[in-house]
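Residue numbers begin at 1 in each chain, while the letters A, B, ... track the order of the sequences.
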Amino acid sequence: MDYIKLANMLFPEELPTVEEILTCYPKRILPQKAQVTRVAPSPTGYLHIGTVYQAFINKLIAYHSGGVFFMRLEDTDCKREVQNAGDIAYNMLCYFGLKPDEGYRGNSEKQVGEYGDYIQSKRQNIYMAFAKHLVSIGKAYPCFCQVSGNKEDVLKRREEELAESDDIDGKDVCRYLTLEQVESNLSKGMPFAIRLKSEGNGEKKFKFKDEIKGEREIRENSKDIVILKSNKIPPYSLAHVVDDTLMGTTLVVRGEEWFPSLASHLELFHAFGLKPPKYAHTPVISKIDENGGKRKVSKRKDAEADARYFVEKGYPVGSVMEYLLNLINSDFEDFRRANPDKSYYEFPFKVSKIGSNNPMFDFQKLDDCSKQVIGRFSAQDIYNSLLAWAEKYDRSFYEKIAKMKDFCIKLFSIDREGKNPRKDISKWSEVENLYSYMFYTLDGKELIDYDFDCKNSPEEVISALKEYKKVFDINDDKQMWFDKIKSICPLLNFADNMKEYRQSPEKYRGNVADLSGLIRVAITTRRNTPDLYYIMQLLGKNEVEKRLDYAINLLLKKIQKI
RNA sequence: GGCCCCAUGGUCAAGCGGUUAAGACACCACCCUUUCACGGUGGUAUCAUGGGUUCGAAUCCCGUUGGGGUCACCA
């Protein structure tokens, strides 16, 4: 068979040769251990949190090795492409602090770097040239079988084939077409795809070292995989081999779902006589299903699959990244404890320490992580971040707090100065509710419900609040404030001293902590708030008195109803 | 179904042939305390299962079970 003739029949158009292309992409000049890594999302929707996770690992590797982290847009699937998804992906990566050093920069900015184009749909000639080359050396052939690419059809067909045999990778019939048959098909205008003429033997294994999984034995590829679709656009396999070669990628970090197709990628590199990069296959982030099963976080079913979810909920970037880093290298926590002020980029991250089982997404842990991160914020930072978040995601709250800057900063200062700050905020979206009692005045406010949840009767609560109102003075200092609370304890038969109360609780109706609790609930409707003294100071004399009255009246009404 | 990957508490996990099987989240108790927190101390709870190998197994090997992935002209 005259393969060069075949190649020219298939690709009559003017194309550069592979050698010419290769010389256009010079080797990168980098320090010895520098790694070139990449993030390569396909614009099929929003950015998946798993892509953030992958991108983070890639960025970390490039950063720590003094290499390059670039971005490439894998837009070779025209059917699934979603408008602006590439732009969203780029902007989200930047938002999470993962701005690529090189490559695609969204729709509005110019690409950066010498190894482009970084948008695959703009590189069609290159892929065609590579495919043609493989045909011309007898390692690829045209396939005229018309097969539906629709996912449902594929699944159905697969099921039918599986019913007959386990082995669904028999060699394609088109592999054995003669030059004349091809010519005849071509003259009828039949579309064709290009397939790799696999030389592998599925029974044979070869050694392979994965940077995460370690030494493996994998089966040779024996599938005649498609390397150019009938629309002349390559699928992932060819695009990966060509681009990561030309762009000088030294380490491909990708999800474990790619592991089964690794052998075919390796065979492709081999067919071209190219040296493959190193690979690291990472675990996939999973979650617990409604039914209790583990599964991959799915775009369709899980809101948190969309990276924007975390933005909308108001998790600070650092919180998400530290949580992810914790999944990536579980000893990150130790580092954080030892170095509370360092950037997480200073953590001595190791690819080899990435675990090999699929981590489960744990919101409790995320929240805790986030509380620690926000705990390191100053009151000013909290306010600024909250404001920026609210401006986008909660307009009415934004309008409110935009006018209350000083008040908010004072509020966020309570219990937050000093070594062990209060850790009660995990995301900006919960702040309004958490501190709701600080964001309204009683004027014009409808019924607020109180839950005193105490062992005292409503009558006792009323008299406690009345007594307190008598002595309350906004000008008191903190010591005086508390002394006054203590001073009314005896009137109510409350213990003003915890030690005494503990010794003989039966002698009292309550203690000074209980009394403080009643006042707290009356004023804030909550049992947990920051330091009550400062809350009252911020609220001011009138508001505190109004709230005390309000609570007393509410309780009176309740008694009358009974 | 074939092939591949994985298996330590509810979750994230250290562990690399000899450990009282770290640590974190969550939960509980106590301590601190002039309120809420913060912090501290302690506690409940784990090596999926059956066989080997070994003086000795969470650790090595095999089977079983369970979970995940993959088998597209999707990435």
Side-chain angles (χ1 to χ4, degrees), chain A residues 40-42 44 74-77 79-80 143 145-151 153-155 157-159 161-163 165-169 191-195 202 213 216 218-219 223 225-231 233-237 239-240 254-263 281 283-284 286 288 293-296 323 326-327 330-334 337 355-369 375 414-416 418-424 478-479 481-483 485-486 496-498 512-520 524 526-533 535:
Chain A
S42 56
T44 54
E74 308 223 320
D75 58 342
T76 56
D77 185 358
K79 286 174 208 148
R80 293 201 303 158
C143 169
C145 306
Q146 290 280 24
V147 187
S148 161
N150 177 294
K151 186 176 179 183
D153 294 346
V154 170
L155 292 178
R157 193 184 332 129
R158 185 188 302 170
E159 218 161 284
E161 286 179 45
L162 284 176
S165 139
D166 292 335
D167 182 25
I168 49 177
D169 58 85
F192 61 89
I194 302 293
R195 284 182 187 274
K213 294 169 169 297
R216 297 284 141 160
I218 53 181
R219 282 169 201 280
K223 282 189 182 164
I225 55 166
V226 168
I227 58 170
L228 202 68
K229 303 186 253 184
S230 51
N231 59 6
I233 291 173
Y236 174 86
S237 50
H240 155 54
R254 37 139 76 153
E256 203 171 35
E257 68 268 25
W258 289 107
F259 202 70
S261 54
L262 175 64
H281 289 90
V284 180
S286 317
I288 303 247
K294 258 193 188 184
R295 65 171 166 76
K296 197 163 125 177
Y323 173 68
N326 195 46
L327 292 183
S330 68
D331 56 340
F332 171 68
E333 282 181 316
D334 301 333
R337 227 169 297 126
S356 52
N357 45 2
N358 298 347
M360 219 88 83
F361 208 96
D362 183 349
F363 276 95
Q364 259 178 346
K365 183 77 179 179
L366 203 217
D367 281 358
D368 177 72
C369 229
I414 304 176
D415 293 343
R416 269 176 230 280
K419 263 236 171 307
N420 294 316
R422 188 179 191 88
K423 297 182 178 80
D424 55 352
K478 198 171 174 185
Q479 186 59 51
W481 171 80
F482 198 78
D483 285 346
I485 294 180
K486 273 178 159 176
D496 61 2
N497 177 313
M498 290 303 285
V512 65
D514 295 329
L515 178 57
S516 306
L518 297 181
I519 299 168
R520 165 174 279 113
T524 67
R526 303 299 172 85
R527 261 167 277 163
N528 292 356
T529 74
D531 192 304
L532 187 57
Y533 172 76
I535 292 287

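The side chain of A:Asp77 sits closest to B:C74 out of B:U70, B:C12, B:C74.
Within 3.5 Å, no donor on the side chain of A:Ser356 pairs with an acceptor on the base of B:C6, nor the reverse.
If you take atom C1' in B:A7 and the same atom in B:A14, they sit 16 Å apart, rounded to whole Å. Separation of the C1' atoms belonging to B:U44 and B:G10 is 12 Å when rounded to the nearest angstrom. For B:A13 and B:U53, the C1' atoms lie 29 Å apart once the distance is rounded to whole Å. B:C32 sits 10 Å from B:U41 when the C1' atoms are compared, rounded to a whole Å. Comparing B:G67 with B:A45, their P atoms sit 27 Å apart, to the nearest whole Å. Rounded to whole Å, the separation between the P atoms of B:G56 and B:G18 comes to 14 Å. B:C47 and B:A57 have their C1' atoms separated by 11 Å, given to the nearest Å. The gap from the P atom of B:G39 to that of B:A22 amounts to 23 Å, rounded to the nearest Å.
Regarding A:Leu262, its CG atom lies at a distance of 15 Å from the C1' atom of B:C71, rounded to whole Å. The interatomic distance linking A:Arg416 (CZ) with B:C36 (P) rounds to 17 Å, in whole Å. Between A:Arg254 atom CZ and B:C74 atom P there is a gap of 17 Å when expressed in whole angstrom units. A:Leu228 has its CG atom 9 Å from the C1' atom of B:C73, to the nearest Å. Look at CD1 on A:Ile218: it is 15 Å from C1' on B:C71, rounded to the nearest Å. Here B:C71 presents its P atom at 12 Å from CD1 of A:Ile225, a figure rounded to the nearest Å. Rounded to whole angstrom, the span from the CD atom of A:Glu74 across to the P atom of B:A75 amounts to 8 Å. Atom CG of A:Asn358 is separated from atom C1' of B:G67 by 9 Å (rounded to the nearest Å).
With sequence neighbours excluded, the residues forming a ring pair (Phe, Tyr, Trp, His ring centres under 6.0 Å) with A:Phe332 are A:Phe335, A:Phe347, listed by chain and number. Contacts of A:Asp368 classified as side chain to side chain contact (heavy atoms under 4.5 Å, CB included), with partners at least two apart in sequence or in another chain: A:Gln372. For A:Lys478, the salt bridge (Lys or Arg N to Asp or Glu O under 4.0 Å) test picks out A:Asp531, with sequence neighbours left out. For A:Arg520, the side-chain hydrogen bond (donor to acceptor under 3.5 Å, both in side chains) criterion is met by A:Thr529, not counting sequence neighbours. Among residues two or more places apart in sequence or in another chain, the salt bridge (Lys or Arg N to Asp or Glu O under 4.0 Å) test is passed with A:Arg80 by A:Asp77. Listed by chain and residue number, A:Asp424 satisfy the salt bridge (Lys or Arg N to Asp or Glu O under 4.0 Å) test with A:Arg416 (two or more places apart in sequence, or in another chain). Partners of A:Asp334 according to the salt bridge (Lys or Arg N to Asp or Glu O under 4.0 Å) rule, which considers only residues two or more places apart in sequence or in another chain, are A:Arg337.
Within the 4.0 angstrom heavy-atom criterion, no nucleotide atom of any strand lies near A:Pro191. Within the 4.0 angstrom heavy-atom criterion, only backbone atoms of the sugar-phosphate kind lie near A:Phe259; the bases stay farther away. Using a 4.0 Å heavy-atom distance criterion, A:Arg216 is classed as a sugar-phosphate-only contact. Among the protein residues, A:Thr76 comes within range of the sugar-phosphate backbone only, with heavy atoms under 4.0 Å from sugar or phosphate atoms but none that close to a base. Within the 4.0 angstrom heavy-atom criterion, base atoms lie near A:Cys145.
Phosphate proximity of B:A75 to A:Lys229: present, with a side-chain N or O under 4.0 Å from OP1 or OP2. Considering only side-chain N and O atoms, A:Lys213 lies nowhere under 4.0 angstrom from the phosphate OP1 or OP2 of B:C4. In terms of phosphate contacts, A:Arg195 brings a side-chain nitrogen or oxygen within less than 4.0 Å of OP1 or OP2 of B:C73. Residue A:Asn326 has no polar side-chain atom (N or O) positioned under 4.0 Å from OP1 or OP2 of B:C12.
Within the 4.5 Å cutoff, no side-chain heavy atoms of A:Leu515 are placed close to those of A:Lys486. The closest side-chain heavy-atom distance from A:Pro359 to A:Pro283 is below 4.5 Å.
Both A:Lys423 and A:Arg219 lie near RNA chain B, and the one whose nearest nucleotide falls closer to the 5' end is A:Arg219.
Between A:Phe363 and A:Phe361, the ring planes lie tilted relative to each other; the angle falls in the 30° to 60° range. A:Trp258 and A:Tyr236 have parallel rings, their planes meeting at less than 30° on a 0 to 90° scale where 60° marks the start of perpendicular.
Where RNA chain B pairs in unbroken runs of 3 or more (Watson-Crick or G-U, both distances under 3.5 Å), the stems are B:1-7 with B:65-71, B:10-12 with B:23-25, B:27-31 with B:39-43, B:48-52 with B:60-64.
For the atom pair CD1 of A:Ile535 and CD1 of A:Ile519, the computed distance is 14.0 Å after rounding to the nearest 0.5 Å.
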Per-nucleotide protein contact string for nucleotides 22-35 of chain B (B base, S sugar-phosphate only, - none; heavy atom under 4.0 Å) = -SBSS------BBB

